[in-house]
Amino acid sequence: MIKTLLPWVLASFYLLPSSAKLYQNPSELVKTTYDYIVVGAGAAGAVVAARLSENPKISVLLVEAGVSNEGIRDVAIPLMGLSLTPNTKLDWNFTTTPQPGLNNRAIAYPRGKLLGGSTSVNYMVYMRGSSDDFDRYAEVTKESSWGWDHMQEYAQLNEKLVSPVDQHNTAGQLIASRHSTSGAISVSLAGNPTPIDSRVIATTKELSSEFPFNSDMVGGDILGIGWAFASIGNGTRSSSAVGYLAPAAGRSNLDIVINTQATKLEVTGKAKDIPSFRRVLVAQDATSPVRALTATNEIVLSAGAFGTPTLLQLSGIGDRTELRDAGVATVVHNPSVGKNMSDHALLPNIWNVNSTDTYDSVLRDPAEYKASLAQWLKDRTGPLGGHITNNLGWLRLPKTASIFKTVRDPSAGPKSSHFEMLFVNMWVNPNTPPPPTGNFMSVVLALISPTSRGSIKISSSNPFTKPLINPNLVSTDFDIFTLVEAVKAAKRFIAAKAWSGYIQDSVGGLDAAMTDKEIEAYVRENTNTIWHAVGTAAMSAKDASYGVVDPDLKVKGVDGLRIVDGSILPFVPNAHTEGPIYLIAERGADLIKQDFKESK
Ligand SMILES: Cc1cc2nc3c(=O)[nH]c(=O)nc-3n(C[C@H](O)[C@H](O)[C@H](O)COP(=O)(O)OP(=O)(O)OC[C@H]3O[C@@H](n4cnc5c(N)ncnc54)[C@H](O)[C@@H]3O)c2cc1C
Ligand SMILES: *[C@@H]1O[C@H](CO)[C@@H](O)[C@H](O)[C@H]1NC(C)=O
Ligand SMILES: *[C@@H]1O[C@H](CO)[C@@H](O)[C@H](O)[C@H]1NC(C)=O
Ligand SMILES: *[C@@H]1O[C@H](CO)[C@@H](O)[C@H](O)[C@H]1NC(C)=O
Ligand SMILES: *[C@@H]1O[C@H](CO)[C@@H](O)[C@H](O)[C@H]1NC(C)=O
């Protein structure tokens with residue numbers, strides 16, 4: 001994103017002594033059989049490996065394609081998250097197919113490739129979704145345990161609320177009873193104030209009917225505009241590697257192997273007439289030797305919304321025709337694998353501001369960067385210890401919106417949103433790097449209740465060939481309507497008196513786009529993704545005619561395989577996705593442990 005800074009960032013990677021016991025490649029592994037093998041050490045995989053290995057009787061191997069997170073300083077520094085992707089050595093470097101809804105642009109689609117997965121490179125906004133989201137998961141799967149109330153026990157295990165690094169008084173910025181202080185991931189309010197925060201909050205008073213204040217949007221009741229939480233503790237990124245894997249590193253029943261990609265799952269027998277898949281082939285790269293590893297109980301796929309469906313397809317589990325086209329023999333025909341991808345489209349909107357106190361200069365000017373780095377190294381405070389967004393908003397279209405004459409409201413329910421606003425004290429635009437001068441504010445919009453559905457499929461039987469990723473963004477009338485209305489809402493927001501003397505003209509044709517047609521053209525030219533793809537191995541009811549996993553996360557039609565990661569969510573939630581994925585991973589681990597107990 002910040003191209004000008006990239007050489008700096010790479011030069012500042014340095015290695016700290018590593019304490020975790022890790023195998024650097026598959027040939028080092030002493031054992032090849034474990035009770036459970038977890039594929040992928042991202043948001044979900046780290047949780048599963050850490051929770052299963054709490055039981056000393058369970059042996060676990062965690063297989064991760066990428067490197068270790070340890071010692072990479074810019075992974076730890078919150079604001080430097082902007083520099084970690086796309087197209088770096090920590091990224092899978094995916095690109096989408098040309099997107100018809102976005103004037104046929106193909107866009108970069110980053111995914112973290114290191115311990116912690118995307119939680120080691122993401123922007124750390126932390127929330128858990130609306131109560132409607134989980135109640136809808138319960139409804140479509142006919143399994144009440146996925147409902148919001150029941151999932152709260154997993155929220156307790158996941159969140160550890162800590163003070164913001166600047167130790168400011170947080171009265172009025174959160175409701176303590178909605179938070180846990182005993183979980184694994186450090187979560188805090190913004191630790192570095194910015195000049196736009198007070199104006200955002202003032203706008204919620206001035207325009208309170210359209211933009212009401214929300215006193216705590218961590219989960220449940222998310223509607224309105226409020227203070228953002230981040231998975232940051234003491235001015236440092238709290239990824240799944242930091243929060244879950246590091247504390248488990250000393251356990252003798254947990255092995256972790258990095259630089260190791262799972263390339264195929266193999267049939268090891270039959271159970272009640274369905275094929276068992278308890279062997280996984282792994283390799284460092286396309287030319288290195290392949291090793292076979294065996295799970296006596298289960299292989300848990302946590303390779304993420306792209307890695308998991310493609311590994312199923314490489315193993316012969318997927319749509320028969322698609323597999324044949326890729327040169328893979330079908331073992332289990334399931335046309336839902338890789339389908340129904342659901343994602344949040346992102347639309348950056350940027351204005352020049354009358355201020356020099358924005359993050360643009362910190363990330364652009366070597367002297368300012370150096371001073372900020374020194375401050376961060378000293379006590380973790382300052383802009384680098386801060387967060388990309390201090391305030392967020394989750395908003396609905398009005399009930400009278402014309403689209404509802406033809407389209408049924410696709411939101412998860414009345415406590416859920418149609419679009420989001422993120423307020424950012426700098427230029428943010430995945431399409432265009434920042435210019436060499438100027439100070440900016442961005443109101444980034446995200447489409448939260450999309451009706452567009454995308455897909456992912458392999459193009460070859462070679463696991464090192466990139467898959468075809470088609471999020472199919474903004475491909476429906478509802479989606480374009482909602483983004484156009486969201487742009488109009490953002491224009492009304494910044495027209496409040498609270499912004500006078502601060503916001504100047506827009507960049508990129510936003511001011512000039514006045515009519516719905518002109519705004520639509522602006523949307524199609526500028527929309528990207530906020531990287532929240534889910535749904536590609538979706539959970540459905542046991543008796544459903546579609547879907548990839550049952551409500552217990554076991555793969556349909558297959559024995560010995562479970563999926564625990566973002567792919568299983570049938571609808572993208574009212575949240576940045578790490579929080580909801582942490583909750584499903586805690587529950588997934590719980591289900592697996594339950595089965596282990598029952599089988600003893
Ligand atoms: C740039 C960016 C910014 C984001 N910002 C936010 C944010 O601010 N807040 C938020 O909540 N969410 C954010 N997200 C999304 C969030 O990080 C992801 O939704 C979440 O991490 C997904 O969890 P997961 O466990 O499904 O997959 P991941 O976290 O992506 O983990 C998958 C892991 O599996 C590994 N893997 C894949 N294939 C294989 C294989 N074949 N063999 C072995 N290992 C494999 C990968 O290397 C990776 O470590 C962002 C994502 C990105 C990319
Ligand atoms: C992604 O691109 C970077 C920079 O070109 C490169 O170093 C890295 O190896 C690439 N990663 C993958 C998985 O292709
Ligand atoms: C996609 O999901 C819908 C339910 O939301 C379902 O009806 C449909 O069959 C699914 N499609 C596939 C290919 O799984
Ligand atoms: C925060 O980090 C600083 C710098 O490493 C350290 O000195 C301090 O003890 C840490 N504080 C907490 C509460 O962990
Ligand atoms: C810029 O802000 C200063 C106060 O910080 C104010 O005096 C000045 O009028 C503003 N300029 C414009 C063009 O609004």
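In each ligand, atom 1 is the first atom listed, and ligand 1 is the first ligand listed. Sequence positions, counted from 1, serve as the residue numbers for this chain.
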Next item on the list: Name the closest protein heavy atom to atom 2 (O) of ligand 5, giving the residue it belongs to and the distance to 0.1 Å.
Entry: Asn354 ND2, 2.3 Å
Check: Does a side chain donor of either Arg237 or Asn69 reach within less than 3.5 Å of an acceptor in the other side chain?
Finding: no
Checklist line | Closest protein heavy atom (residue, atom, distance) for atom 4 (C) of ligand 2 | finding: Asn87 O, 3.7 Å
Notebook entry, point to check: For Asp166 and Thr381, does a side-chain donor sit closer than 3.5 Å to a side-chain acceptor?
Noted result: no
Checklist line | Protein non-hydrogen atom found under 4.0 Å from atom 14 (O) of ligand 4 | finding: yes
Next item on the list: Considering heavy atoms of the protein only, find what lies nearest to atom 9 (O) of ligand 2 and give residue, atom and distance to 0.1 Å.
Entry: Lys89 CA, 4.7 Å
Note to self: Out of Val162, Val165, Asn234, who is nearest to atom 1 (C) of ligand 4 when you count heavy atoms only?
What the structure shows: Asn234
Notebook entry, point to check: Hey, mind stepping through Arg199 and Glu206 against salt bridge (Lys or Arg N to Asp or Glu O under 4.0 Å) and telling me if it holds?
Noted result: CA-CA 10 Å; Arg199 295 176 194 269; Glu206 193 184 328; over 6 Å; no
Note to self: If you take the centroid of each ring, where Trp contributes its six-membered ring, are Tyr123 and His576 closer together than 6.0 Å?
What the structure shows: no
Notebook entry, point to check: Between Phe440 and Tyr359, is the gap from one ring center to the other below 6.0 Å?
Noted result: no
Check: NZ of Lys488: more than 12 outside heavy atoms within 6.0 angstrom?
Finding: yes
Next item on the list: Could you tell me whether Lys466 and ligand 2 have an N or O pair separated by under 3.5 Å?
Entry: no
Item checked: Atoms of ligand 2 close to Asp91 [distance to a heavy atom under 4.0 angstrom, numbered from 1] -> 11 (N), 12 (C), 13 (C)
Notebook entry, point to check: Is any heavy atom of the protein nearer than 4.0 Å to atom 7 (O) of ligand 4?
Noted result: no
Check: Counting each atom of ligand 2 from 1 as listed, which ones have a heavy atom of Asn93 under 4.0 Å away?
Finding: 1 (C), 2 (O), 3 (C), 8 (C), 10 (C), 11 (N), 12 (C), 14 (O)
Check: Any ion pair linking Arg128 and Glu578 (charged N to carboxylate O, less than 4.0 Å)?
Finding: no
Next item on the list: List every atom of ligand 2 that sits less than 4.0 Å from any heavy atom of Lys113, numbering the atoms from 1 in the order shown and giving each element.
Entry: 13 (C)
